[in-house]
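In this text, all values refer to a predicted model and were calculated from it rather than measured experimentally.
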Amino acid sequence: MRKVAVLLLLFLCLMPNVVWAEEPEIQSASAIMIHAGTNRVIYEKNPDIKVYPASTTKIMTALLAIEALEPSTELTVSESAIMIDRDGSNMGLLRDEVLTVEQLLYGLLVHSANDAANVLAEAVSGDIATFVDTMNLRATELGMTGTHFVNTHGYHDEEHYTTARDMMKLAVCAMEQPLFRQVVATATYEIPPTNKYEETRILSNSNALVNRIRDHRYAYDGAAGIKTGYTQDAGSCLVSYAERNGLGYYCVTFSAPVEYEGNYSFLDSIALFNYGFNDFYLKTMSDTNEIVSICQAKWARGDEQVVLSAKEPLEILLPRGYDAQKLTKEIIAEEHVVAPVKEGDILGRLTYCYDGVSLDSVDLVAINGVSRSFTKMILGTIWNTIFSVWVMTPLAIIVLILILRAMNESKKQRMAREKRRQQFRRDFYK
């Protein structure tokens, strides 16, 4: 019996087209993970329910500050900026203290400082209320339809909320900024003494994925950000990014419990990253040398045809052991290609689907030029002109008139013959 079981297991392991990927079970109430290259959703759990973002709010604050301010600009801390709830995270900024935008960004994203958030907000918009309006406007621009901000830092408020899917959109946008990527991947950062603070501030990233000092249990190879958050109402929150061997994932976990076993915003994120890296891989489907399609070009010289290939190499994310029969491709090429065609002209689109779901696509371009035959063009133009509606319509009218005239003439002749016959009969019987 044991031999049978071993043989069966061996058969299953060697059997092609078996998908072994199993989604992990997580404790977070809401989560989503996407592939960074294609934004394809790899995992989701209640991604559109209302959640409280806590300090992940600071991603938006940082994005707006980076877009509006120069990193080297010096800012002076105002009294209004440091009027914050002291049970929230802060870096102890003092009134009239001068720091650079870059230093405040590290305070904001590494130390998760609420006071730094307000200083940056005032520098961008003049006052905090106006900045919050800008936050909500930018959220709308990013398609964050389930989000509403009321402050710069995420201190709890019933009207300050978001969704995991919305926060994913924000994270992807923010990570396009090189300075943002640099800051959120930093484990520790030092701010030297300032005009008001005599000691060096040593900031330690609250994101244990990138900062082993914070908690070595959660340090993750390839992690490069992004932002933690926690309040009693929000639970533990984490927006994160990790990359290995050119394969990257964004992950968002919200409303995760913090228990004796550990912080599940980290545990869940690690489980999801492991799922992504272990159970999926990038497969090259087409390159620039592969002939994808061949099409005819109107008025092409001789027998010349247009050969189409992918504009650039295309890699798609597939589960390991994927079912090859479920992988399909769709080629959409221009229906009416007219010579001349230049090498590199975009003439179609190649799309790959797996199990009916579109994965990724690439433009199809001509890899050869096709010249025009002027003889074909002239003869074709004459032929089309002859049989065009502008010629055929008057010709049809003339033909119709001639036919009607002939019919009318024929009718007159019949009537004349009938009249002669009737006259003949009358003359005969007199």
For the residue pair [Y] / [X], report whether a side-chain donor-acceptor contact shorter than 3.5 Å exists.
X	Y	value
Ser309	Glu290	no
Thr162	Thr147	yes
Thr130	Asp127	yes
Ser55	Ser112	yes
Ser78	Glu122	yes
Tyr197	Glu199	no
Asp166	Thr145	no
Thr76	Asp96	no
Ser236	Asn263	yes

Is [Y] close to [X] at the side-chain level, that is, under 4.5 Å between some pair of heavy atoms?
X	Y	result
Met83	Asn118	no
Leu272	Pro24	yes
Ser80	Ile128	no
Val101	Leu105	yes
Phe266	Leu209	yes
Leu63	Cys173	yes

Within this structure, what is the [atom1]-[atom2] distance for the pair [X] and [Y], rounded to the nearest 0.5 Å?
X	Y	atom1	atom2	answer
Arg214	Asn211	CZ	CG	6.5 Å
Asn207	Lys227	CG	NZ	8.5 Å
Glu343	Ile367	CD	CD1	8.0 Å
Met135	Thr57	CE	OG1	6.0 Å
Ser361	Met285	OG	CE	13.5 Å
Thr188	Leu203	OG1	CG	8.5 Å

Is [X] salt-bridged to [Y], going by a charged N under 4.0 Å from an acidic O?
X	Y	value
Arg320	Asp279	no
Arg181	Glu176	no
Lys45	Glu23	no

May I ask you to decide if [Y]'s main-chain N or O and [X]'s side chain share a donor-acceptor pair within less than 3.5 Å?
X	Y	result
Arg40	Leu317	yes
Gln103	Thr100	yes
Lys58	Gly154	no
Ser28	Ala31	no

Open item on the list: Per the ring pair (Phe, Tyr, Trp, His ring centres under 6.0 Å) rule, what does the pair list look like for residues 88-113, sequence neighbours excluded?
Closed with: Tyr106-Tyr189

- [ ] Check the pair Gln27 / Asp268 against side-chain contact (heavy atoms from CB on, under 4.5 Å), numbers first and verdict last.
- [x] CA-CA 7 Å; Gln27 300 300 312; Asp268 288 348; 3.9 Å; yes

Quick check: closest heavy atoms across [X] and [Y], and the distance to 0.1 Å?
X	Y	answer
Leu359	Thr38	O-CB, 4.3 Å
Asp360	Glu315	OD2-O, 4.0 Å
Thr152	Ala117	OG1-CB, 3.4 Å

With a 3.5 Å cut-off and sequence neighbours excluded, list the donor-acceptor pairs that the side chains of residues 248-260 form with protein atoms.
| residue | atom | partner | partner atom | Å |
| --- | --- | --- | --- | --- |
| Tyr249 | OH | Gly276 | O | 2.8 |
| Thr253 | OG1 | Ser265 | O | 3.4 |
| Thr253 | OG1 | Ser269 | OG | 3.4 |

Open item on the list: Suppose we call two aromatic rings close when their centres sit under 6.0 Å apart. Are Tyr52 and His160 close by that rule?
Closed with: no

- [ ] May I ask you to check whether Tyr275 and Phe280 place their ring centers less than 6.0 Å from one another?
- [x] yes

